[in-house]
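Below is one structure, written out as structure tokens, with a few remarks after it.
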Amino acid sequence: MKHDFNTIESKWQAKWDEAKLFEAKDFSDKPKYYTLVEFPYPSGHGMHVGHIKAYSGLEVVSRKRRMQGYNVLFPIGFDAFGLPTENSAIKFGVHPRVLTDENIEKFTSQLKRVGFSFDWSRVVDTTEEDYYRWTQWIFCKMFDAGLAFRDKTLVNYCPHCKVVLSNEDSQGGKCDICHNDVVQKSKDVWYLRITQYADKLLQGLDKVDYLPMVRQQQENWIGKSTGAFVNFKIKEVDETLRIYTTRPDTLFGVTFMVIAPEHPLLDTYADRVANMDAVLAYRNECAKKTEFERTQLVKDKTGLKIEGLTAVHPITGKEIPVFISDYVMMGYGTGAIMAVPAHDGRDYDFAKKFGIDIIPVIEGGDIETEAYTGDGNMINSDFLNGLTDKKSAIARMLEELAKLGVGEAGVQFKMKDWAFNRQRYWGEPIPIVHCPTCGMVHIPYEELPLRLPKVENFEPGEGGESPLAKIESFVNCKCPKCGGDAKRETDTMPQWAGSSWYFLRYIDPNNTMSLADEAKLKYWLPVDWYNGGMEHVTRHMIYSRFWHKFLYDLGVVPCDEPYAKRTAQGLILGANGVKMSKSLGNVVDSNDVVDSYGADVLRTYVLFMGDYEQAAPWSDSSVKGCKRFIERFAALTDMLTETVSPELEASLHRTIKKVTDDIESMKFNTAIAAMMALINEIYAAGGIDKASLMTLAKLLCPFAPHICEEVWAELGGNGFCSAAEWPVCDESKTKVSSVEIAVQISGKLKGKIVIPAEATEDEAFAAVMADETLGALLASKQIIKKIYVKGRLFNVVAK
RNA sequence: GCCGGUGUGAUGGAAUGGCAGACGUGACGGACUCAAAAUCCGUUGGUAGCGAUACCGUGUGGGUUCAAGUCCCACCACCGGCACCA
């Protein structure tokens, strides 16, 4: 058979559609399996081969699971709110709704051409009212629970995109969208109190099966540290300065205190500070720096002593000077630290610069040259002296602090609350009304969704306010509580909102009564296997786990972790080895590959090109290898034999085992290589019997389903190959009668012999000695040791 | 700075401590062809040799072992995450 992909691919896609072959059944006697891939953002550029690789992994798993008798939910949708669409809308003067619909249509046709076995009856689009109604519903629930709140604060603002960015979206001081510098700006901002779930998000990682790298990145992001809070009295006024430290064991080494420039102590006691002018000047200087600049100046410490406020050591009663410096952040801990220069690098740098005492309290290291952060015997530390390790010193100190009532154990997280608003049009409107009498009130649940109004001009205002602020009919409204005149919130939600719960909507996409039916959620959840990009591990994944845990606490979802397993695929790089991008012109469009080689070849190649989890460059010439493979497979229908040799049958069963196992560990490249090797063997044997070829078609079907259906039909198979039963390896048939083993003499490879597979050590050794060259080599030597690894090698240690 | 990952032919990449380089690309040779493409068959880590063969070879340097790409110790390079986080 010829590989006529143009005809057969559309033919089988139509037949699958007609048979509703890939539609998941709610409730079924079969075991359920929920495979999830990250839904795409439908940009105007269409899909490149990287998208195809991202979906092909779980596509193969899903198809295999169905053949193994599972009821599989493998859905797809579109994460369609977002800035690029809005920017194109501004550029071309077309409404984002229109652009979004066009792009979704383009993406859908591209995905369908590849023959993915998505359940197309469950498509969700985050920009549809039926969908964002429930995104708003969840927001209102969070508002009711006190988890959504508004606060005036310094924010990361991108002057180019005219949006406020979360810390996550402005890493390295650059806007995540346009990569320009962000600046600090004071603004009223919506926050979601994700920090309240920090511990749960961390502990939940114990219950799930994430790639170790994914888990580690989430742990880093949450950034839990354990330590202690300690209260230092201020000598001059009736006030305590509360600090957080991870090293309470070094409390006797404190020689100064440092507070952040924004610390409220300065405002409260401004009149007691002798050098307040200088302090204020320093504070202003710091305010001008961006967060990025502040964290960049690692080496050179700045700051000054606050004259007139002195701390008192809670145990020794010694007086300790207080400094202000921007190496202490207001946003972490209490915004104040106890400085132990002998055992902390930053404190050491500061003490050296300002000539402050450095008192070692742990033996080891040389404080003349640098801070010592290692373990050792406690010294200069009163009741801690003689203790030899950090752990017991900390425990003893915490005991003492509790006794004196001046401190206690505590934990801190690096994770900050989630800045949850954007001043743009193409997003979910935040369903809140600002009422002069009632304050902030959310729109009643039964009145959701709060629809995005039609506007003509999507440009944000100069002050960075949302385009919605210009629509009087939208802004002016009545308070849902008191009925008085009120104003609507005009900010919209960030793009992460819609993607935080989409996997729930797939379970029941048309429900008008709730975000999804309870029984269906109970049936399908959790997602059994979620695959996506590494770039979404710390943002999307943490956000959606947070929402899910919140919904669990509300009783809406039946489990507290949404994703049982998470893996990540590597990027496809351009042919030049760098990331694909439009500006570099190295993007490979999936349609172009399907046009020239067909979907089966594209699908096979993206999985064959390398380790699924590693990045690999696209190669036009390498695609040909997969093309030849598919063609050689198709041509097997013209090479049918009546019988099959035991050797070939053994290879077939070994291939069944290899492919079955490799799919589970995402080693798609070696699974395909095994099938290629089998086909090479069939060619060498001159052909194969029909039954074996049908088995091979089933094995290849998850990878290259169209040609497998065609071959299956040609051979007279019942129904669809895609619906056939997954082959099982018969171990007894993989046994071969004789094997070639390597022979080493003293660990060096000296030859090979063919012996019965089940030969004993003595039989194998006899065969070695019987071999002409090997026997001659060993004849004059004294044999010290014999090592026989069945089926592998025989090593004779001799001298 | 801390944490993680990676390092193998010309090239993408394979190898439960057991024959390094599976499978694919490329290159070379052959068959078919007037010819080319396609296809099929074969060769292809390096050095020396006509050859059998010998020696070398998985980022670097040590070590464990009958046997190391794989395990241990020290280091180098690149990639990713976190980062004056107290």
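Proteins get letters first, then strands, A, B, ... in listed order; numbering begins at 1 in each.
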Please give the nucleotide sitting opposite B:G18 as a Watson-Crick or G-U wobble pair, both distances under 3.5 Å, or none.
B:C66
Looking for any heavy atom pair under 4.0 Å, which part of the strands does A:Ala339 touch: base, sugar-phosphate only, or nothing?
nothing
In terms of ring plane angle, is the pair A:His540 and A:His536 parallel, tilted or perpendicular, where the classes change at 30° and 60°?
perpendicular
Which whole number of Å gives the distance between the C1' atom of B:U65 and that of B:G42?
40 Å
Would you say B:C56 has OP1 or OP2 under 4.0 Å from some side-chain N or O of A:Lys748?
yes
Mind running ring pair (Phe, Tyr, Trp, His ring centres under 6.0 Å) on A:Phe323 and A:Phe354 for me, showing each step along the way?
CA-CA 10 Å; A:Phe323 286 76; A:Phe354 289 86; 5.8 Å; yes
Would you mind reading off the distance between A:Gln217 atom CD and B:G4 atom C1', rounded to a whole angstrom?
8 Å
Return the nearest nucleotide to the side chain of A:Asp326; candidates are B:C19, B:C84, B:A86.
B:C84
If you measure from the P atom in B:G63 to the same atom in B:A67, how many Å do you get, rounded?
13 Å
Is the NZ or CZ atom of A:Lys627 positioned over A:Tyr597's six-membered ring, under 6.0 angstrom from the centre and within 45° of the axis?
no
Any idea which of B:A86, B:G81, B:G5 is nearest the A:Tyr332 side chain?
B:A86
Residue pair A:Asp344 / A:Thr373, side-chain heavy-atom distance below 4.5 Å:
no
Suppose we define a pair by two distances each less than 3.5 Å, Watson-Crick or G-U wobble; what does B:A74 pair with here?
B:U60
Could you give the CZ-to-C1' distance, from A:Phe668 to B:A14, as a whole number of Å?
17 Å
Watson-Crick or G-U wobble partner of B:G4, both distances under 3.5 Å:
B:C79
Return a single string for nucleotides 64-75 of chain B, one symbol per nucleotide in 5' to 3' order, where B is base contact, S is sugar-phosphate-only contact and - is none, cutoff 4.0 angstrom on heavy atoms.
--B---------
Can you tell me the distance, in whole Å, between the CG atom of A:Leu607 and the P atom of B:G13?
15 Å
How many Å lie between CD1 on A:Ile259 and P on B:A86, as a whole number?
19 Å
Considering only the P atoms, how many Å lie between B:C76 and B:C66, rounded to the nearest integer?
32 Å
Provide the distance between the two P atoms, one in B:G51 and one in B:G45, to the nearest whole Å.
15 Å
Can you tell me if the side-chain N/O atoms of A:Lys416 get under 4.0 Å from OP1 or OP2 in B:C82?
no
Check the distance between B:G1's C1' and A:Tyr327's OH and give it to me in whole angstrom.
16 Å
Can you measure A:Asp661 atom CG to B:A14 atom C1' for me and round it to whole angstrom units?
16 Å
Tell which nucleotide pairs with B:U47, taking only Watson-Crick or G-U wobble pairs whose two distances are both under 3.5 angstrom.
B:A54
Given the options A:Ile337, A:Leu266, A:Thr334, A:Val328, A:Ile259 meets side chain to side chain contact (heavy atoms under 4.5 Å, CB included) only with A:Leu266
A:Tyr788 and A:Thr760: side-chain hydrogen bond (donor to acceptor under 3.5 Å, both in side chains), yes or no, with the steps?
CA-CA 9 Å; A:Tyr788 175 48; A:Thr760 63; over 6 Å; no
Between A:Tyr612 and A:Met534, which is nearer to the 5' end of RNA chain B once each is assigned its nearest nucleotide?
A:Tyr612
Assess whether atom CD of A:Glu664 is packed by more than 12 heavy atoms of other residues, nucleotides or ligands within 6.0 Å.
yes
Report yes if a donor N or O on one partner sits less than 3.5 Å from an acceptor N or O on the other, where the partners are the side chain of A:Lys301 and the base of B:C84; otherwise report no.
yes
Using the P atoms only, state how far B:A86 lies from B:G5, rounded to an integer number of Å.
22 Å
Out of B:G80, B:C84, B:A20, minimum distance to the side chain of A:Leu749 belongs to B:A20
Any idea if B:G9 is syn or anti, going by the 90°-from-0 cut?
syn
Quick one: on RNA chain B, does A:Ala616 or A:Leu793 contact a more 5' nucleotide (nearest heavy atom)?
A:Ala616
Would A:Lys667 and A:Tyr612 count as a cation-pi pair here, with the cationic atom under 6.0 angstrom from the ring centre and within 45° of the axis?
no
For A:Ile755 and A:Ala764, the nearest pair of non-hydrogen atoms, with its separation, is CD1-CB, 3.9 Å
A:Phe703/A:Phe608 aromatic ring centres below 6.0 Å
no
What is the distance from CG of A:Asp611 to C1' of B:G80, rounded to the nearest Å?
16 Å
A side-chain contact here means heavy atoms from C-beta on lying under 4.5 Å apart; do A:Met1 and A:Ile707 qualify?
yes
Contact class for A:Lys790 (heavy atom, under 4.0 Å): base, sugar-phosphate, or nothing?
nothing
Is it true that the NZ or CZ of A:Lys414 lies under 6.0 Å from the centre of A:Tyr332's six-membered ring and within 45 degrees of the ring axis?
no
Does B:U33 have a Watson-Crick or wobble mate here (both distances under 3.5 Å), and if so which one?
none
Walk along nucleotides 21-30 of chain B from 5' to 3' and tag each nucleotide B, S or - by protein heavy-atom contact under 4.0 Å, base first, then sugar-phosphate.
-BBBSS----
Rounded C1' spacing from B:U6 to B:U60 in Å:
16 Å
Residue matched to B:G42 through Watson-Crick or wobble contacts both under 3.5 angstrom
B:C28
Per A:Arg792 side chain, nearest of listed nucleotides B:U16, B:G13, B:C56:
B:U16
From CZ of A:Phe413 over to P of B:A83, roughly how many Å is that when rounded to an integer?
15 Å
Report which part of the nucleic acid A:Gln412 touches: base, sugar-phosphate, or nothing (heavy-atom distance under 4.0 Å, all strands).
nothing
Expressed in whole Å, how much space separates the C1' atoms belonging to B:G57 and B:G69?
11 Å
In whole Å, measure the gap between the C1' atoms of B:G26 and B:U11 for me.
7 Å
In Watson-Crick or G-U wobble terms, with both distances under 3.5 Å, the base opposite B:G12 is B:C23
Result of checking A:Asp249, A:Thr245, A:Thr250 against A:Arg247 for side-chain hydrogen bond (donor to acceptor under 3.5 Å, both in side chains):
A:Asp249
